[in-house]
Amino acid sequence: MKTNKCNLSIACAIGLVAIILALPGPLRAQTPSVKPSDGSGKSATQWSVQVDQVDSRNLDLAYSFQIAIYENLVEELKKTNQFQQVFRDGDLKAGEVPNLLLLKTTVEKYTPGGETQRAVTTISGATKLTVRSQLLTREGKVVFEDTVNGDVRFFGSNLRATHNLARNIAKTIKQSYFSGSGQPTAILTGQL
């Protein structure tokens with residue numbers, strides 16, 4: 001009898017942790033303008049970014065996954081403080097910004113997983129996403145391109161993979177985007 005109660009308590013605790021990890025963070029307003037310095041005392045060019053809707057091509061990707069990738073990506077880009085402003089697709093204010101980049105995200109591979117499978121075994125049930133992310137100028141010049149992965153392997157909902165993916169995209173942009181001059185530098189396609 002005690003063993004059953006102990007097992008039930010452990011299962012409830014694991015379930016609670018999984019639910020907490022699956023919930024998105026609180027929505028935040030756009031961050032104020034922060035101008036980076038290039039070390040010479042003068043401000044470098046501060047870019048803004050507009051996040052376009054996620055293109056799922058012809059993959060069987062649920063609309064909820066597309067929206068979750070998009071929303072998580074907007075939030076993660078704001079957290080990096082890499083951009084002066086982060087605009088959503090269709091925001092009319094973006095047209096007035098002089099230094100605007102467009103972020104295009106295309107889903108290249110999607111492997112649906114199973115929360116139940118992950119809970120039972122650690123070797124199957126992973127949800128995996130692979131996307132190609134591009135930052136383009138208004139003129140269409142690619143200034144950043146990378147292939148990024150996101151997945152959830154153990155605990156958490158399938159949508160947790162979208163959060164991990166967005167975090168990886170933002171991290172990749174932050175690490176390789178600016179060369180310190182405030183000017184975008186061309187990045188070869190890579191794999192995170």
Side-chain angles (χ1 to χ4, degrees), residues 22-38 42-59 61-110 129-150 159-190 192:
L23 293 175
L27 297 177
R28 297 180 187 98
Q30 287 186 344
T31 57
S33 170
V34 176
K35 302 246 182 201
S37 176
D38 63 3
K42 64 180 183 176
S43 293
T45 303
Q46 183 68 36
W47 291 86
S48 294
V49 66
Q50 177 178 327
V51 181
D52 285 352
Q53 291 293 328
V54 175
D55 179 8
S56 66
R57 292 192 174 176
N58 295 327
L59 297 175
L61 183 66
Y63 188 66
S64 60
F65 268 77
Q66 292 176 45
I67 296 299
I69 293 169
Y70 178 80
E71 291 297 330
N72 285 316
L73 195 50
V74 169
E75 287 304 311
E76 290 297 322
L77 287 172
K78 287 178 185 178
K79 287 180 188 177
T80 67
N81 292 322
Q82 190 73 33
F83 299 101
Q84 184 174 9
Q85 291 180 298
V86 178
F87 293 102
R88 294 174 175 276
D89 192 17
D91 191 333
L92 298 177
K93 294 177 189 174
E96 302 166 4
V97 176
N99 297 319
L100 183 71
L101 296 172
L102 304 172
L103 178 63
K104 297 195 179 290
T105 306
T106 305
V107 180
E108 294 184 337
K109 282 198 272 184
Y110 167 63
L129 288 161
T130 302
V131 301
R132 187 181 81 233
S133 293
Q134 294 179 311
L135 277 174
L136 301 106
T137 62
R138 282 191 171 120
E139 296 78 33
K141 178 183 173 194
V142 176
V143 295
F144 171 85
E145 182 173 5
D146 202 1
T147 301
V148 183
N149 297 312
L159 287 178
R160 181 74 179 168
T162 64
H163 174 268
N164 295 341
L165 174 69
R167 187 183 66 232
N168 291 344
I169 292 170
K171 179 180 172 184
T172 303
I173 290 172
K174 184 172 183 173
Q175 288 177 347
S176 60
Y177 178 60
F178 287 101
S179 65
S181 65
Q183 297 297 321
T185 56
I187 302 297
L188 298 174
T189 302
L192 177 68

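Computed from a predicted model, the values in this text were never measured in an experiment. For the numbers below, each heavy atom of this structure counts, side chains included, while hydrogens, waters and symmetry mates do not.
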| said: Quick check for you: to the nearest 0.5 Å, what is the distance between Leu100 atom CG and Lys93 atom NZ? | reply: 14.0 Å
| note | d(Ser56 OG, Tyr63 OH) to nearest 0.5 Å is 10.5 Å
| said: Main chain of Trp47, side chain of Gln85: is a donor-acceptor contact present, judged purely on distance under 3.5 Å? | reply: no
| said: Counting C-beta onward and ignoring hydrogens, is there a side-chain heavy-atom pair between Ile173 and Leu77 closer than 4.5 Å? | reply: yes
| note | Rounding to 0.5 Å, atoms CD (Gln66) and OG1 (Thr162) come to a distance of 11.5 Å
| Note, Arg132 side chain near Glu145 side chain (heavy atom, < 4.5 Å) | yes
| task | Taking the side chain as every heavy atom from C-beta outward, state whether Asp91 and Gln50 have any pair of such atoms under 4.5 Å apart. | result | no
| Are any side-chain N or O atoms of Tyr70 and backbone N or O atoms of Asp89, one a donor and one an acceptor, separated by less than 3.5 Å? | yes
| said: Quick check for you: to the nearest 0.5 Å, what is the distance between Glu108 atom CD and Asp55 atom CG? | reply: 10.0 Å
| task | Specify the closest pair of heavy atoms between Val51 and Val86, including all atoms of both residues, with the distance to one decimal. | result | CG2-CG1, 4.1 Å
| message | Can you tell me which residue among Asn168, Thr106, Leu165 is in a side chain to side chain contact (heavy atoms under 4.5 Å, CB included) with Val131? | response | Leu165
| query | Are Leu61 and Leu129 close enough that some pair of their side-chain heavy atoms sits under 4.5 Å apart? | reply | yes
| task | Give the C-alpha distance, both sets of side-chain angles, the deciding distance and a yes or no for side-chain contact (heavy atoms from CB on, under 4.5 Å) between Val54 and Phe65. | result | CA-CA 9 Å; Val54 175; Phe65 268 77; over 6 Å; no
| Shortest non-hydrogen contact between Ser48 and Phe83, atoms and distance | C-CD2, 4.1 Å
| request: Determine, for Glu76 against Lys79, whether the closest basic-nitrogen to carboxylate-oxygen distance falls under 4.0 angstrom. | output: yes
| Rounded distance (nearest 0.5 Å) linking atom CG of Leu73 with atom CD of Glu75 | 10.0 Å
| Approximate separation, where rounding is to 0.5 Å, of Ser64 OG and Ile69 CD1 | 9.5 Å
| query | Is Asp52 reaching over with its side chain to a backbone N or O of Lys104, donor-acceptor style, under 3.5 angstrom? | reply | no
| Taking C-beta and beyond as the side chain, do Leu101 and Thr137 meet within less than 4.5 Å on heavy atoms? | yes
| field | Side-chain heavy-atom pair His163, Glu71 within 4.5 angstrom cut-off | value | no
